[in-house]
Asker: 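Take a look at the following structure, please.
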Amino acid sequence: MLLIGENINIMSNIIGPALRERNPKPIQELAEAEAETGVDYLDLNIGPARRAGDELMEWVVKTVQEVTNLPLSLDTTNPVAMEAGLKMHKGRALINSISLTRMEEELPLVEKYDADMIGLLWGREGMPRDAAERGIIAVELAYSANEMGIPNENIWFDPIVTPAVNVDTNQVIPCLEFMSMLQDIAPGCKSTAGLSNISNGTPTHLRPYLNQTYLMMLMKYGIHSAIVDAFDSELIKIAKGEKPELVALVHRVMDGEKPDLSSLSEEEVKYVKTVRVLTGESLYSHSWLEL
Ligand code: THG
């Protein structure tokens, strides 16, 4: 599967000021460090970039491509900034992301620059509530893209992962269900998911367990790519197929198997407990691994 490193984003305490000051050094250092981890794309998230967004995106694409040959995933809601970045980009870019609410301006850019696109499954009435609503949005987005000449193969659907701690609006299972339906409703379309979203609001040292476990759960349905913390080395190993036994254990638990915890290693027990939290079988609390 393909990995998109998420670390260059305007919300970061180091990258935010560097972007505003047009200071290349911290951005280039982070880009090189991310590239060394083995990710396949670097996401450049410059936010809404309402003021001089075009000049900023053009500058950051050029700055990052000076130090790495990796293709970039360009993330901004400003279509003028997006086009400036695409013009500067060498190779085939990934547009992150396109949704029904802005597609009239965004889809022509996919076609014009022969890019791949992340289709964000955000509806006209906001966040979809289940897998079926995601399916309806996906079909409409794919249809509109196809009409512009964009083939399914260039569309990567993102079901929008929500934090596991949000009990009321938890979309952990619906996102998995969507992945299992995708090839039936939009054959040939690809998929992605922002893994770090799931652990938003949880203690920093425990975030990797949630992110890694959810990745293994998504792998059961053949997820094509994921947006990840490039510095989570265990997660990279899982994605690269270096943890087949752990992945198989997670899939067995998803299928309802109740392994004898005393026969498992301490690490394996943590992943089993995390699957149970993510499926809703156990309630989330910050101490879920100790219970
Ligand atoms: N889907 C798509 N794009 C996305 C997301 C998605 N882009 C943004 C986001 N989700 C993925 N990117 C991040 C980037 C950083 C963090 C989470 C997701 C993050 N950062 C740390 C924090 O906020 O605590 C620390 C950041 C730092 O200081 O460096 O959690 O779902 N298509």
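Remember, it's 1-based here, ligands and their atoms both numbered in the order they're listed. Not measured: the values here are computed from a predicted model.
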Asker: Counting each atom of ligand 1 from 1 as listed, which ones have a heavy atom of Ser12 under 4.0 Å away?
Answerer: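 Those qualifying, in numeric order: 27 (C), 28 (O), 29 (O).
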Asker: Select the closest option to atom 17 (C) of ligand 1 among Ala193, Ser99, Ala226, Ser196, judged by heavy-atom distance.
Answerer: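 Looking at heavy atoms only, the winner is Ser196.
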Asker: Counting only heavy atoms not in Ile14, do more than 12 fall under 6.0 Å of its CD1?
Answerer: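 Open: at most 12 neighbouring heavy atoms sit under 6.0 Å from CD1 of Ile14.
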Asker: Number the atoms of ligand 1 from 1 as they appear, then name those within less than 4.0 Å of a heavy atom of Gly194, with their elements.
Answerer: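 Counting atoms of ligand 1 from 1, those under 4.0 Å from Gly194 are 6 (C), 31 (O).
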Asker: Can you pull out the closest protein heavy atom to atom 8 (C) of ligand 1? Residue, atom name and distance to 0.1 Å, please.
Answerer: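 Minimum-distance protein heavy atom for atom 8 (C) of ligand 1 reads Asn45 ND2, 3.9 Å.
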Asker: Can you list the ligand 1 atoms lying under 4.0 Å from a non-hydrogen atom of Arg207?
Answerer: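 Taking each heavy atom of Arg207 in turn, ligand 1 has 22 (C), 24 (O), 30 (O) under 4.0 Å.
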Asker: Are the aromatic rings of Tyr271 and Trp288 close, with centres under 6.0 Å apart?
Answerer: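 Centroid distance Tyr271-Trp288: not below 6.0 Å, so no.
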Asker: Judging by distance only, is a nitrogen or oxygen of Asn9 under 3.5 angstrom from one on ligand 1?
Answerer: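 No: no nitrogen or oxygen of Asn9 is under 3.5 Å from one in ligand 1.
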Asker: Look at the side-chain heavy atoms of Ile, Leu, Val, Met, Phe, Trp and Tyr, link any pair under 4.5 Å apart, and say whether Val60 and Met82 land in one connected group.
Answerer: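 Linked within one cluster.
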Asker: Okay, side chain of Asn78, backbone of Asp54: is any donor-acceptor separation there less than 3.5 Å?
Answerer: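 Here the side-chain-to-backbone pair does not exist.
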Asker: In this structure, are over 12 heavy atoms from other groups packed under 6.0 Å from Leu291 atom CG?
Answerer: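 Result for CG/Leu291: enclosed.
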Asker: Is atom 20 (N) of ligand 1 in close reach of the protein, with a heavy atom under 4.0 Å away?
Answerer: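 Within 4.0 Å of atom 20 (N) of ligand 1, no protein heavy atoms are found.
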Asker: So is Asn96 polar-close to ligand 1, meaning N/O to N/O under 3.5 Å?
Answerer: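 Yes, at least one N or O pair falls under 3.5 Å.
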Asker: For Asp75, which part has a heavy atom under 4.0 Å from ligand 1: side chain, backbone, both, or neither?
Answerer: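 Only the side chain of Asp75 comes within reach of ligand 1.
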Asker: Could you check which of Asn13, Asp43, Asp158, Val161 puts a non-hydrogen atom nearest to atom 6 (C) of ligand 1?
Answerer: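 Looking at heavy atoms only, the winner is Asp158.
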Asker: Among Glu268, Glu257, Glu245, find the residue that satisfies the salt bridge (charged side-chain N to carboxylate O under 4.0 Å, His left out) test when tested with Arg252.
Answerer: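 Running salt bridge (charged side-chain N to carboxylate O under 4.0 Å, His left out) over Glu268, Glu257, Glu245 with Arg252 returns exactly one hit, Glu257.
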Asker: Could a heavy atom of Met11 be found less than 4.0 Å from some atom of ligand 1?
Answerer: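 No, that is not the case, since the closest heavy atom of the residue is not under 4.0 Å from the ligand.
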Asker: Is at least one protein non-hydrogen atom found at under 4.0 angstrom from atom 25 (C) of ligand 1?
Answerer: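 Under 4.0 Å from atom 25 (C) of ligand 1, zero protein heavy atoms found.
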Asker: Got a protein heavy atom sitting under 4.0 Å from atom 15 (C) of ligand 1?
Answerer: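 Under 4.0 Å from atom 15 (C) of ligand 1, at least one protein heavy atom found.
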Asker: Report the member of Ile227, Ile4, Val228 with the shortest heavy-atom distance to atom 4 (C) of ligand 1.
Answerer: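 Comparing heavy atoms across Ile227, Ile4, Val228, the nearest one to atom 4 (C) of ligand 1 lies in Ile227.
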Asker: Examine Met103 and Met117 and state if one hydrophobic cluster contains both, with Ile, Leu, Val, Met, Phe, Trp and Tyr joined whenever side-chain heavy atoms are less than 4.5 Å apart.
Answerer: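 Same hydrophobic cluster.
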Asker: Using a cut-off of 6.0 Å, state whether more than 12 heavy atoms not belonging to Arg22 lie near its atom CZ.
Answerer: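 Yes, enclosed.
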Asker: To check your reading of the model: name the closest protein heavy atom to atom 13 (C) of ligand 1, its residue, and the distance in Å.
Answerer: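 Going atom by atom, the protein heavy atom closest to atom 13 (C) of ligand 1 ends up being Glu6 OE1, 3.2 Å.
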Asker: Between the side chain of Ser199 and the main-chain N/O of Pro163, is any donor-acceptor distance below 3.5 Å?
Answerer: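 The answer is no, because no donor-acceptor pair under 3.5 Å joins these two groups.
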Asker: Spell out, as yes or no, whether a donor-acceptor pair under 3.5 Å connects the side chain of His251 to the backbone of Met217.
Answerer: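 No: the side chain of His251 does not pair with the backbone of Met217.
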Asker: For Asn197, counting its heavy atoms only, list the atoms of ligand 1 lying under 4.0 Å from any of them.
Answerer: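 Counting from 1, the qualifying ligand atoms are 6 (C), 9 (C), 10 (N), 31 (O).
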